[in-house]
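The block underneath contains the structure these notes are about, expressed in structure tokens.
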Number of protein chains: 2
Amino acid sequence: MPAQVLATRTEAFRQPIQIHPVHKAPENGLPAAFAMMGAPLTFGRNEEVFGEGEGAEYLYRVNAGCIRTYKVLSDGRRQVGGFYLPGDVFGIEASEEHLFSAEAIVPSTVTVLKRSMVFSRAAGDSTLARQLLELAGSELHRAQSHVLLLIKTAQERVVGFLLEMAARARSRTEIELPMSRQDIADYLGLTIETVSRTLTHLENSSAIALPSARRVVVRNHSALCRFNA
Amino acid sequence: MPAQVLATRTEAFRQPIQIHPVHKAPENGLPAAFAMMGAPLTFGRNEEVFGEGEGAEYLYRVNAGCIRTYKVLSDGRRQVGGFYLPGDVFGIEASEEHLFSAEAIVPSTVTVLKRSMVFSRAAGDSTLARQLLELAGSELHRAQSHVLLLIKTAQERVVGFLLEMAARARSRTEIELPMSRQDIADYLGLTIETVSRTLTHLENSSAIALPSARRVVVRNHSALCRFNA
DNA sequence: CGACCATTTGATATGGATCAAGCGATGTGG
DNA sequence: CCACATCGCTTGATCCATATCAAATGGTCG
């Protein structure tokens with residue numbers, strides 16, 4: 001058993017943010033900023049990283065685990081904005097204060113960086129400025145894709161979600177889902193029942209297999225894509 | 001990409017690029033960049049500004065009229081990403097190529113700016129770099145709010161749209177809508193029938209008045225907000 | 001083993017889509 | 001100036017995808 005745990009851990013740190021040893025002159029860029037000035041934090045399951053409405057003081061990079069951003073509407077409906085995996089940076093969205101809250105889905109470690117620090121540093125480091133802009137651009141792209149997901153049918157949404165997760169997973173055919181059905185449902189604007197039924201249906205069509213609730217095996221990638229719009 | 005579209009586009013950009021003579025010391029920031037290096041273009045009703053999948057070469061600022069961004073799914077469903085009014089900048093989203101297309105809703109004039117120019121200029125102009133980042137941030141905020149709209153009920157979506165438009169209109173109570181019911185429906189992920197019915201219902205509740213199809217008068221702002229989640 | 005929680009499965013209800021007219025502006029040719 | 005076509009919008013009737021309500025199952029941890 002310990003071997004397996006170790007393997008999982010190592011994997012969690014796999015992402016391509018390189019942390020250089022700081023022996024030389026001041027380095028440039030966002031990875032360097034995180035490495036040099038970032039503070040590591042750990043969060044337990046369902047622990048809050050920041051709350052909606054709080055001032056946006058920090059940028060966050062996931063080192064291990066998984067973070068969800070979400071907003072709860074006045075009547076209790078919850079919308080999940082996105083899932084952030086190791087290597088992902090979140091918290092760029094807010095100009096003044098956060099529109100969403102952020103929570104750890106599983107025990108997670110995160111490096112935080114003061115925005116004021118990054119921004120003042122960006123004034124003299126055009127690489128960093130450029131990377132921040134690219135980061136914001138990719139978050140924008142993500143949000144726009146999310147909008148496109150939300151107008152599709154239940155089946156298309158679930159397939160879209162699976163393809164999205166598969167694209168980010170190591171193995172491309174075996175997906176380990178850190179989030180619950182409720183998280184998925186709230187991300188897709190569906191109910192858990194509909195998500196569950198749709199997954200069962202996809203399994204019956206032998207497009208996927210579900211060895212357990214949190215594991216998805218992509219059996220037939222093109223069939224899956226065909227279910228997409 | 002249809003050849004026809006490409007032809008139209010090429011033609012559109014054949015216009016002379018005006019570079020204003022620089023009398024004073026170099027100015028900073030995005031407005032200055034648009035003023036100094038931007039090229040004005042005009043587009044007729046439903047004319048394409050750029051097509052989805054095209055390389056993202058330019059930034060665009062609306063001077064007059066109204067632009068919609070949208071994407072057509074394989075089966076013909078259309079999603080409108082946003083409406084851009086005078087003063088708004090669009091086209092920041094794309095890192096490589098555009099996810100959405102853009103069209104003029106009414107005859108419009110737009111100033112275009114080469115991205116490569118803005119970005120290289122941003123390396124030495126931290127004000128500009130900062131403004132680009134803020135711009136991307138506000139677009140991100142817009143997209144995230146759009147996601148939140150799309151999980152609400154039909155009534156909440158329509159009310160949300162009206163409040164959004166009211167906030168941007170000059171008069172705050174009298175809204176002139178440049179876009180059709182179909183545009184609104186495709187922005188909200190509803191059908192024209194549902195949009196129309198909802199507007200009629202809001203009129204019957206005397207929250208709004210509809211002197212004509214394209215004019216909305218906000219009769220009771222707080223009642224309207226109460227219809228929102 | 002037993003309690004608890006997440007997930008699946010089943011039966012029914014419903015909001016919004018779809019299908020189908022009708023209506024009111026705007027424009028066009030006679 | 002009027003008949004008439006056109007187009008965007010509204011209104012009505014019906015249908016269906018997904019929500020809701022309810023219960024069974026399974027997996028995890030003490």
Side-chain angles (χ1 to χ4, degrees), chain A residues 1 5 44-46 68 73 75-80 105-107 149-162 175-205 208-216 227 229, chain B residues 45-46 68 73 75-80 105-106 149-162 175-205 208-216 227 229:
Chain A
M1 271 318 181
V5 169
R45 198 162 168 276
N46 295 327
R68 69 176 160 246
L73 302 185
D75 63 351
R77 279 171 292 175
R78 186 184 72 154
Q79 176 64 37
V80 168
I105 290 180
V106 293
L149 250 200
L150 292 179
I151 61 154
K152 299 187 183 180
T153 65
Q155 193 169 72
E156 289 165 348
R157 293 188 214 191
V158 171
V159 168
F161 168 75
L162 289 178
I175 315 170
E176 180 84 41
L177 300 174
M179 70 291 285
S180 68
R181 293 287 185 272
Q182 189 64 63
D183 286 329
I184 300 173
D186 290 348
Y187 176 68
L188 298 177
L190 300 170
T191 58
I192 30 173
E193 291 96 329
T194 300
V195 171
S196 180
R197 274 185 249 272
T198 306
L199 286 171
T200 321
H201 177 243
L202 289 172
E203 187 174 33
N204 293 340
S205 329
I208 63 170
L210 291 162
S212 80
R214 302 287 182 107
R215 304 197 66 209
V216 181
F227 282 127
Chain B
R45 200 162 168 276
N46 295 326
R68 67 175 162 249
L73 301 185
D75 63 351
R77 279 172 291 175
R78 186 183 72 154
Q79 176 64 37
V80 168
I105 290 180
V106 294
L149 249 201
L150 291 178
I151 62 155
K152 300 187 183 180
T153 66
Q155 192 170 73
E156 289 164 349
R157 293 188 214 191
V158 172
V159 168
F161 168 75
L162 289 178
I175 316 171
E176 182 85 41
L177 300 174
M179 69 291 285
S180 69
R181 292 288 185 272
Q182 190 64 62
D183 287 328
I184 300 173
D186 290 347
Y187 176 69
L188 298 177
L190 299 170
T191 57
I192 29 172
E193 292 96 329
T194 300
V195 171
S196 180
R197 274 186 249 273
T198 306
L199 286 171
T200 326
H201 178 241
L202 289 172
E203 187 174 32
N204 293 339
S205 329
I208 63 170
L210 291 163
S212 80
R214 301 288 182 106
R215 306 197 66 209
V216 181
F227 281 128

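The sequence lines fix the lettering, A, B, ..., with proteins before strands; numbering per chain opens at 1.
- Residue-to-nucleotide proximity on DNA chain D shows that, of Ala154(A) and Glu193(A), the 5′-proximal contact is made by Ala154(A).
- Between Ser212(B) and dA25(C), a side-chain N or O to OP1/OP2 separation shorter than 4.0 Å is absent.
- A donor-acceptor pair is defined here as one N or O able to donate and one able to accept, closer than 3.5 Å; such a pair exists between the side chain of Arg181(B) and the backbone of Ala213(B).
- If you take CZ of Arg214(A) and C1' of dA6(C), they are 8 Å apart, rounded to a whole angstrom.
- Rounded to whole Å, the distance from CZ on Arg157(B) to P on dG15(C) is 14 Å.
- Side-chain to base pairing of Arg197(A) with dG10(C): one donor and one acceptor N or O lie within less than 3.5 Å of each other.
- Rounded to whole angstrom, the span from the CG atom of Asp186(B) across to the C1' atom of dG16(C) amounts to 15 Å.
- The two atoms that bring Gln79(A) and Tyr187(A) nearest to each other are NE2-O, 3.2 Å, heavy atoms only.
- Protein atom CD of Gln155(B) is 9 Å distant from nucleotide atom P of dG16(C), rounded to whole Å.
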(message) Determine whether Arg68(B) and Asn46(B) satisfy the following criterion, side-chain contact (heavy atoms from CB on, under 4.5 Å), listing intermediate values before the conclusion.
(response) CA-CA 9 Å; Arg68(B) 67 175 162 249; Asn46(B) 295 326; 2.8 Å; yes
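- With hydrogens and angles ignored, no donor-acceptor pair under 3.5 angstrom links the side chain of Gln182(A) to the base of dC5(C).
- For Thr200(B), taking side-chain heavy atoms from C-beta onward, the closest of the listed nucleotides dT11(D), dC9(D), dT9(C) is dT11(D).
- Ile192(B) has its CD1 atom 16 Å from the P atom of dG12(D), to the nearest Å.
- In this structure, Glu156(B) contributes its side chain and Phe227(B) its backbone to no donor-acceptor pair below 3.5 Å.
- Between the CZ atom of Arg181(B) and the P atom of dC7(D) there is a distance of 18 Å, rounded to whole Å.
- The residue Thr153(B) sits close only to the backbone: its heavy atoms come under 4.0 Å of sugar-phosphate atoms, none of a base.
- A straight line from CG of Leu177(A) to P of dT8(C) spans 11 Å, rounded to a whole angstrom.
- Across all strands, Leu190(A) comes closer than 4.0 Å only to sugar-phosphate atoms, never to a base (heavy-atom distances).
- Side-chain nitrogen and oxygen atoms of Ser180(B) include none within less than 4.0 Å of the OP1 or OP2 phosphate oxygen of dG8(D).
- In this model, the phosphate group of dA17(C) is approached by a side-chain N or O of Thr191(B) to a distance below 4.0 Å at OP1 or OP2.
- For the pair Leu202(A) CG and dT8(C) P, the computed distance is 12 Å after rounding to whole Å.
- Within the structure, a side-chain polar atom (N or O) of Ser196(A) is placed less than 4.0 Å from OP1 or OP2 of dT8(C).
- Arg214(B) contributes no side-chain N or O that, together with a main-chain N or O of Glu176(B), makes up a donor-acceptor pair within less than 3.5 Å.
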